[in-house]
Amino acid sequence: MKTYQLEILSNIQVSERYWHMTLNSENIEEPIVPGQFFNIKCGEDELPFLRRPFSIYRINQEEKTIEFLYLVKGAGTVNLTKFKADDQLDVLGPLGIGFRLEEDWDSILLLARGVGIATLAALAQEAAAKNVKCVAILSARSNNDLLAAETLQGFGATVIKVTEEEGTSGVENVQRLVEELIVEHGVKAAFTCGSMRLSRLLQKITFKENIPAQIALEEHMGCAMGVCYACVCNIRESHGIKSVRVCIEGPVFDLEKVVLT
Amino acid sequence: MMDNLSLDIQIGSLHLKNPVMPASGAFGFEMESILDFNELGALVPKSITKYPRGGNDTPRVCEVTGGMINSIGIQSKGLPYYLEHIIPQYQKYDVPLIASISADSIEEFTEMSEIIGANPAVSAIELNISCPNLEGNGKAFGMDGDLSFELIQKVKSVTDQPLIAKLTPNVTSIQEIALACEEAGADGLNVANTILGMAIDIHTRKPKIGNVMGGISGPAIKPIIVRLIHQVRNVTTLPIIGCGGIMNSDDAIEMILAGASSVQIGTANFINPLTMIEVLEGIKEYMRRYEISDINNLVGKVNLPSSTSTLY
């Protein structure tokens with residue numbers, strides 16, 4: 001973890017609500033793992049005052065670039081859209097513990113919703129590099145919000161889209177899909193991000209099927225360095241419930257341990 | 001060009017090589033990889049409570065204009081863990097450790113101070129008599145002069161450690177509390193803890209903080225803190241630690257001119273983890289520019305109009 005001034009290579013609107021940013025990451029010496037995030041200073045003004053955490057969308061080792069796909073939602077992300085190519089961006093990171101891909105997991109399932117898709121895209125990229133078969137169910141309000149589907153397909157992932165627009169994103173339909181895909185693809189591990197509802201569903205299914213699963217959690221953060229205890233969640237341990245910090249002990253946790261609210 | 005700047009300050013028997021330190025709750029060992037702790041005047045780990053505490057419901061922070069509101073609830077692993085694991089982490093640094101203590105009763109403050117005070121790795125105790133987040137509708141010991149007096153007197157009787165009382169700004173007269181702490185034997189005053197505030201999401205109509213109210217920190221509160229330091233300085237000669245809204249060295253110098261001899265930096269660490277180092281450098285630059293060889297010669301040196309009518 002360090003603060004870096006990174007050169008912005010591009011920052012463009014890619015759909016009605018989403019923007020995409022590419023940064024030159026050649027100065028970052030530490031390894032960057034899918035599921036990790038950067039805490040980004042989105043402006044010099046009093047608002048947005050705090051940095052904003054963004055999970056990494058793509059890590060391009062050879063080009064030495066990193067990419068973020070972000071939903072324009074509040075003061076921070078609105079301000080982030082004002083940055084242009086060649087501007088410098090103040091980022092703190094890489095932060096947190098990322099996803100774990102074990103050797104014998106030759107087939108994985110991703111279940112993501114909304115901006116959580118960006119978080120799992122980085123994992124699909126790593127899975128592709130490791131020849132791990134990947135099937136992804138991507139959920140969003142509309143097809144407009146599912147631009148990242150093409151990125152995942154580009155990594156060789158089988159992508160199934162479900163949306164409110166088409167009436168396919170209901171929990172029952174997703175449950176049927178997950179259960180079918182687990183069998184069809186011989187899924188060895190599952191990963192989720194972006195929806196409490198879908199996370200609860202995946203927790204239930206993977207527990208029943210005895211499949212290891214991981215979740216990347218999102219939470220309001222203060223420092224993102226583990227010192228302020230703002231971003232906590234509860235984890236089930238053998239001796240009871242334990243409060244952990246999402247920024248430093250996560251954001252990726254074993255799904256079976258997380259107390260989902 | 002001045003080469004021999006003296007940044008040394010004294011808080012009772014506690015000697016600091018420079019006046020810049022972190023504010024409790026906004027600093028931790030986790031920052032070790034990004035910040036050279038040996039550069040700091042003191043180290044102040046997060047407040048410790050006697051028993052483990054789970055902390056408050058989330059969201060625990062929310063952003064406001066020029067700052068943030070927090071209500072963490074002093075999540076803590078308890079005193080035994082603190083003594084065994086937290087304090088030893090800092091022993092490799094050649095910087096005094098100020099232990100911040102929070103408790104629910106005077107007896108608990110006293111008991112904890114005696115135990116922590118006896119630890120040779122501790123150089124001073126900061127009594128968090130002002131945390132606004134504990135039970136009692138945001139009330140704290142530091143809102144009552146008699147209680148503050150009794151608390152500090154009792155703690156003073158069980159330990160020889162320098163005692164710093166962290167005052168709350170959420171009072172009618174901070175001078176009354178400052179005097180009570182001085183009379184009880186405090187060695188220094190921290191001015192101040194966060195200012196109680198509240199924010200509401202107008203769309204969900206819910207408070208933006210799980211605990212409804214929380215403490216405001218950040219540059220938004222700095223003028224209030226400068227005023228409080230000035231007011232406290234008018235009634236006591238005790239060393240004052242200025243704390244609240246410092247983002248850069250100009251802010252720190254402003255507090256020193258108002259009457260603080262040292263400063264604590266909290267929220268700014270979240271935006272720029274190197275703030276403390278930059279503040280220290282900026283203070284040195286200011287001293288060179290105005291040919292101030294000793295930082296103590298700056299303390300309280302605000303040029304007030306001669307005819308100030310003191311309504312405060």
Side-chain angles (χ1 to χ4, degrees), chain A residues 1-5 29-30 39-53 73-79 90-97 196 217-235 239-249 259 261, chain B residues 22-35 44-47 52-77 133 201 203 208-210 214 216-220 222 245 247 266-275 278:
Chain A
M1 155 184 89
K2 234 178 111 177
T3 49
Y4 297 94
Q5 300 293 328
E29 287 163 8
E30 301 164 72
N39 210 20
I40 297 179
K41 200 170 171 203
C42 297
E44 293 296 330
D45 304 326
E46 267 76 44
L47 200 73
F49 175 69
L50 295 170
R51 287 171 181 265
R52 298 287 192 271
K73 203 176 170 187
T77 44
V78 166
N79 219 64
D90 182 334
V91 309
L92 172 68
L95 298 164
I97 295 173
M196 274 297 156
L217 288 176
E218 301 162 289
E219 185 57 74
H220 289 278
M221 289 183 184
C223 69
M225 298 180 288
V227 307
C228 81
Y229 286 80
C231 62
V232 291
C233 75
N234 285 332
I235 293 288
H239 52 274
I241 303 287
K242 185 182 161 196
S243 176
V244 294
R245 294 159 293 177
V246 171
C247 67
I248 195 165
E249 288 155 275
V259 179
T261 50
Chain B
S24 168
F27 170 77
F29 200 73
E30 295 81 359
M31 291 169 73
E32 183 199 31
S33 68
I34 203 162
L35 180 71
V44 190
K46 188 174 166 62
S47 282
R53 283 175 61 92
N56 294 335
D57 288 344
T58 54
R60 291 175 168 189
V61 292
C62 80
E63 189 171 74
V64 292
T65 307
M68 58 180 258
I69 300 180
N70 90 80
S71 180
I72 307 295
I74 315 209
Q75 180 161 347
S76 141
K77 289 184 174 170
N133 300 325
D201 182 320
H203 303 293
K208 287 186 176 175
I209 290 284
I216 313 172
S217 62
K222 191 196 66 177
M247 299 299 287
T267 305
N269 297 332
F270 300 175
I271 321 292
N272 173 11
L274 297 175
T275 304
E278 291 170 13

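In what follows, every heavy atom counts, from backbone to side chain, and hydrogens, waters and symmetry copies are set aside.
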Any residue meeting side chain to side chain contact (heavy atoms under 4.5 Å, CB included) with B/P219, in chain and number order, not counting sequence neighbours
A/F49, B/M247

Sidechain-backbone polar pair: B/N269 side chain, B/A26 backbone, donor-acceptor under 3.5 Å:
yes

Please rank A/R51, A/M221, A/H220 by heavy-atom pairs under 4.5 Å with chain B and give me the top one.
A/R51

Enter the distance from B/I209:CD1 to B/N70:CG here, rounded to the nearest 0.5 Å.
7.0 Å

Counting heavy-atom pairs under 4.5 Å with chain B, which one of A/K41, A/K2, A/E219, A/R52 comes out on top?
A/R52

Partner chain A: residue of B/C62, B/G25, B/P45, B/G67 with the largest heavy-atom pair count (under 4.5 Å):
B/G67

Greater than 12 external heavy atoms within 6.0 Å of B/H203's NE2
no

Is a side-chain N or O of B/T267 found less than 3.5 angstrom from the main chain of B/S217, in a donor-acceptor match?
no

What residue, out of A/G74, A/A224, A/C223, has the most heavy-atom pairs lying under 4.5 Å from chain B?
A/C223

I need the residue from A/V227, A/T261, A/V232, A/L50 with the largest number of non-hydrogen atom pairs under 4.5 Å to chain B.
A/V227

So for A/I241, is it side chain, backbone, both, or neither that comes closer than 4.5 Å to the heavy atoms of chain B?
neither

